[in-house]
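Order of the sequence lines fixes the chain letters, A, B, ..., with proteins taken first and strands second; residue numbering starts at 1 for each chain. Predicted model, so just to flag it, every value in this text is computed and none were measured.
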Amino acid sequence: MPELPEVETVRRHLALHLPGALVLGATLRREDLRYPIPVQAVHSLASRRILAVRRRAKYLLLDFVPPVTALIHLGMSGRLFTTPSDEPWQPHEHWRLHLQGSAGLVDLRYVDARRFGCLDILISHMELQHPLLAGLGPEPLGAALSAQELLRATRGRRVPVKTWLMDSHNVVGVGNIYASEACFRAGVHPLRAATDLNLDDCQRLLGAVQAVLQEAIAAGGSTLRDFVGGDAKPGYFQQQLAVYGRGGEPCHACATPIERTVLGTRATYFCPHCQS
DNA sequence: AGGTAAACCTGGACGC
DNA sequence: TGCGTCCAGGTTTACC
């Protein structure tokens, strides 16, 4: 479920409710997700206050006072939401933080069936040294990334454009769905070698990535409130997808059947007429 | 070094 | 109804 737009939507929701809340304690149902959970450090969050909720790539960062930071990833199937305290545990619910907020007692709850997500605690000012964050490329939204920079970074890279887009060393936050969608919008064939892009291609690709992510955030914002509240609603963006999951169906622009192929073990969709 | 495939884990959809 | 197979929104690791 969690693409960058969903992570950002969760972040915005939590940022409205969590800052200022006091941690009363934590409950762990298991001591590992994708990686071991630092159990003692999680329990030592007790009596700290939440300062802010940030996002880097698809990671959520909860800042506490005194300054430690919880690093959370939702993996493929993770969900993070708040409910009134002491509600029944769900299947695959792995941990909770018990909070005293301005609206009373609430639990911050983490549910993740496949356990590809993670939870770590780090010293706030050591964030950039954390192994999961240190190698990340630039955020696609925000002003930092330019077409010139994108052009430079793709020189000599013979990987397919879509594979390049999904590599977080290059750009963060572009998942499998939006990599296909962005290539379609830019008119770039997903199998083209990254090094073959010219500046105009890079300009269109960057614009397409930003537009797709921003529109998805806008769409997610309207329906993900239910999700954040714990009532998962699948497929909130499906009606807006131009190519992903539409193999064999007519292209919205030219009616040519959308093709499906596999790229780096991942399903990839494109219009053979509109994209070159 | 760069490019590709496999691995982690569970559940749901589909075909027989 | 039941079982086997394939697929899934992420990311790291291991290989060529």
- Query: Can you tell me how far P in C/dA14 sits from the matching atom in B/dC9, rounded to whole Å?
  - Reply: 15 Å

- Check the distance between C/dG10's P and A/Glu6's CD and give it to me in whole angstrom. 11 Å

- Task: Indicate yes or no: does A/Asp112 engage A/Arg114 in a salt bridge with an N to O separation below 4.0 Å.
- Result: no

- Rounded distance in Å between the P positions of B/dA6 and C/dC6: 14 Å

- Taking only side-chain nitrogens and oxygens of A/Arg114, does any of them come within less than 4.0 Å of OP1 or OP2 of C/dG9? no

- In whole Å, what is the span from the CZ atom of A/Arg55 to the C1' atom of C/dG10? 15 Å

- Task: Select one nucleotide: of C/dT11, C/dG9, B/dG11, the one nearest the side-chain heavy atoms of A/Tyr59.
- Result: C/dT11

- Give a yes/no verdict on base stacking between B/dC9 and A/Phe116: centres under 5.5 Å, planes within less than 30° of parallel. no

- Interatomic distance, A/Arg260 CZ vs C/dC7 C1' [rounded to whole Å]: 8 Å

- Salt-bridge test for A/Arg56 and A/Glu127: reply yes if a basic N is under 4.0 Å from a carboxylate O, no otherwise. no

- Base-pairing assignment for C/dG9 (Watson-Crick or G-U wobble, both under 3.5 Å): none

- Note on the structure: Separation of C/dT12 atom C1' from A/Asp167 atom CG, nearest Å, is 11 Å

- Item | Short side-chain N/O contact from A/His92 to OP1 or OP2 of B/dG11, under 4.0 Å | yes

- Does B/dA1 pair with anything, Watson-Crick or G-U wobble, both distances under 3.5 Å, and if so, with which nucleotide? none

- Message: Within the supplied structure, the quantity of interest is the number of heavy atoms (other residues, nucleotides, ligands) at a distance under 6.0 Å from A/Glu249 CD; does it exceed 12?
- Response: yes

- What integer distance in Å separates A/Arg192:CZ from B/dG3:C1'? 19 Å

- Can you tell which of C/dG9, C/dT11, B/dC9 lies closest to the side chain of A/Arg115? B/dC9

- B/dA1 OP1/OP2 closer than 4.0 Å to side-chain N/O of A/Arg157: no

- Any donor-acceptor pair under 3.5 Å from A/Asn170 side chain to A/Trp164 backbone: yes

- note: A/Leu132, atom CG; C/dT12, atom P; distance rounded to Å ~ 6 Å

- Message: Quick check for you: among C/dG10, B/dA6, C/dA8, whose closest atom lies nearest to any side-chain atom of A/Glu3?
- Response: C/dG10

- Item | Heavy-atom closest pair, residues A/Trp89 and A/His94 | CZ3-C, 4.2 Å

- Query: What nucleic acid atoms does A/Pro160 come within less than 4.0 Å of, heavy atoms only: base, sugar-phosphate, or nothing?
  - Reply: sugar-phosphate

- Looking at A/Asp201 and A/Arg192, does any basic side-chain N land under 4.0 Å from a carboxylate oxygen? yes

- Query: C/dC7 and B/dA5: how far apart are their P atoms, nearest whole angstrom?
  - Reply: 15 Å

- Note on the structure: Taken to the nearest whole Å, CG/A/Leu263 to P/C/dG9 is 13 Å

- May I ask which nucleotide in the shown strands pairs with B/dC9, Watson-Crick or G-U wobble, both distances under 3.5 Å? none

- Rounded to the Å, how far apart are A/Met76 CE and B/dC8 C1'? 10 Å

